[in-house]
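Data block below; observations after.
Just the heavy atoms: all of them, side chains too, but no hydrogens, waters or symmetry mates, feed the values below.
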Amino acid sequence: IDIAVRTFCEKDENIVSPFPSFVAYYLAGEQLGLKLKISRLKDYALDLDDMYKLIDGKTKIVFISNPNNPTGYLYSRTEIEQLGTLAKRYNLFLLADEVYREFCYEGKEHFSVMRLKGLDDNLIMLDSVSKRYSACGLRIGAIVSRNKEVMQAALKFGQARLSPPTVGQVASEAAVDTPKEYFEKVEAEYVNRRNTVVQLLNKIAGVHCPMPGGAFYCFASLPIDDADRFCQWLLESFDYEGQTVMLAPASGFYSTAGLGKNEARIAYVLNEDSLKKAIFCLEKALQVYPGRTH
């Protein structure tokens, strides 16, 4: 992201983002002296009225992750087109992180920002091999735009940096030839994992977990006083038959202090049997956690 930010945003100019999970981007923006405004969501969907209120004369970029990390929310074609209208109205860059676009469920369509019409100079898409090909750690991806100035800037900064490791480059080149059948099997597996996790979570008293439409994360509300304290307690003070679970407290995904205090992100990246054991272990933990709420 700092390629686009460094080139097209002066200090104190703004980026508006409609989701709580862009910690790395947030930190990069702060280091560059940018002001990042976070638009609140309604059940993880866009709140366009709120987004329009945040835009002022210094705003340069609208940023979205689709499908979303950490919520797993898949933005609809209508929502993406509404963002395109917003970007066109104020002549903003619409920057989309689409690294999870292969993971969309129930036949739902992923609508890329690159399919929007009449916005060639405004659209930037980020992609990565690490999620699509389960190659976490390779950190090799792409920045895609029809804006020649953007691509020239990307090339300039790309040439100024060290290359990714040779093994990563070779592996990524081979991964591009992965057949479609692989993704069909992966999608079916993730659907089973998602259904298992969400259904079991919602059976636990006091737990609420919406059904995600993409990626491989879900956001769960838990009957606890403080997610950071609970996650630490799980690792330091709890075990059930010698096992425990590790969750990501949600407070770190929000920019507003106090939000996400009783929420956690769960990644359903284990096999189904392990996920069942993990949710059962979580249920046992919630029964004895000293800070449980009702």
Side-chain angles (χ1 to χ4, degrees), residues 1 4-5 8-9 13-26 29 34-128 131 142-147 149-150 210-215 217-219 250 253-256 259-260:
I1 180 157
V5 169
F8 296 101
C9 289
E13 290 181 337
N14 299 334
I15 298 177
V16 174
S17 179
F19 69 104
S21 166
F22 69 143
V23 178
Y25 302 104
Y26 192 91
L34 303 177
K35 183 178 181 181
L36 292 92
K37 297 182 177 182
I38 316 300
S39 177
R40 297 289 295 275
L41 303 174
K42 292 181 177 179
D43 296 325
Y44 306 143
L46 295 178
D47 185 344
L48 286 167
D49 290 337
D50 186 53
M51 293 192 70
Y52 274 96
K53 291 176 183 177
L54 295 176
I55 295 174
D56 58 30
K58 292 185 177 181
T59 305
K60 297 296 180 184
I61 299 176
V62 174
F63 179 50
I64 189 173
S65 170
N66 187 35
N68 183 263
N69 173 14
T71 66
Y73 185 83
L74 176 64
Y75 293 99
S76 66
R77 175 171 183 160
T78 298
E79 288 176 300
I80 299 301
E81 289 177 339
Q82 288 172 335
L83 286 176
T85 299
L86 182 151
K88 189 170 185 177
R89 177 176 176 179
Y90 294 101
N91 192 27
L92 306 175
F93 285 107
L94 176 53
L95 177 62
D97 181 335
E98 299 184 357
V99 301
Y100 298 99
R101 61 196 172 98
E102 299 290 346
F103 306 102
C104 302
Y105 310 127
E106 281 98 26
K108 293 179 180 178
E109 176 194 32
H110 175 268
F111 189 79
S112 173
V113 297
M114 300 306 295
R115 295 172 63 183
L116 294 172
K117 304 297 183 181
L119 284 166
D120 283 0
D121 286 338
N122 301 75
L123 304 175
I124 304 172
M125 189 264 279
L126 302 178
D127 202 355
S128 170
K131 302 299 186 292
I143 178 171
V144 181
S145 178
R146 299 185 183 92
N147 185 309
E149 189 178 0
V150 168
M211 185 68 77
Y217 307 104
C218 60
F219 236 41
F253 295 106
Y254 288 93
S255 64
T256 303
L259 294 182

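- For Tyr73, the ring pair (Phe, Tyr, Trp, His ring centres under 6.0 Å) test picks out Tyr75, with sequence neighbours left out.
- Residues satisfying the salt bridge (Lys or Arg N to Asp or Glu O under 4.0 Å) test with Glu79, not counting sequence neighbours, are none.
- Asp121 is linked by a side-chain contact (heavy atoms from CB on, under 4.5 Å) to Asn147, counting only residues two or more places apart in sequence or in another chain.
- Two residues are said to be in side-chain contact when any heavy atoms from C-beta on lie closer than 4.5 Å; Asn122 and Lys88 fail this criterion.
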Using distance only, find each side-chain donor-acceptor pair of residues 106-116 under 3.5 Å and give its atom names and separation, not counting sequence neighbours.
unit_1	atom_1	unit_2	atom_2	d
Glu106	OE1	Arg194	NH1	3.2
Glu106	OE2	Arg194	NH1	3.3
Glu106	OE2	Arg194	NH2	2.2
Glu109	OE2	Arg115	NH1	2.8
Glu109	OE2	Arg115	NH2	3.3
His110	NE2	Asn66	O	3.1
Ser112	OG	Glu98	OE1	2.9
Ser112	OG	Glu98	OE2	3.2
Ser112	OG	Met114	N	3.1

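- Remark: Asp50 engages Ser39 in a side-chain hydrogen bond (donor to acceptor under 3.5 Å, both in side chains) (not counting sequence neighbours).
- No side-chain heavy atom of Tyr90 sits under 4.5 Å from any side-chain heavy atom of Val62.
- Partners of Tyr217 according to the ring pair (Phe, Tyr, Trp, His ring centres under 6.0 Å) rule, which considers only residues two or more places apart in sequence or in another chain, are Tyr100.
- The salt bridge (charged side-chain N to carboxylate O under 4.0 Å, His left out) analysis of residues 61-71, with sequence neighbours excluded, yields no pairs.
- Here the rule is side chain to side chain contact (heavy atoms under 4.5 Å, CB included) with Leu92, and of Ile61, Leu119, Leu86 only Leu86 fits it.
- When the side-chain hydrogen bond (donor to acceptor under 3.5 Å, both in side chains) test is applied to Glu81, the partners found at least two apart in sequence or on another chain are Arg77.
- With contacts defined as side-chain heavy-atom distances shorter than 4.5 Å, the pair Gln82/Met51 does not qualify.
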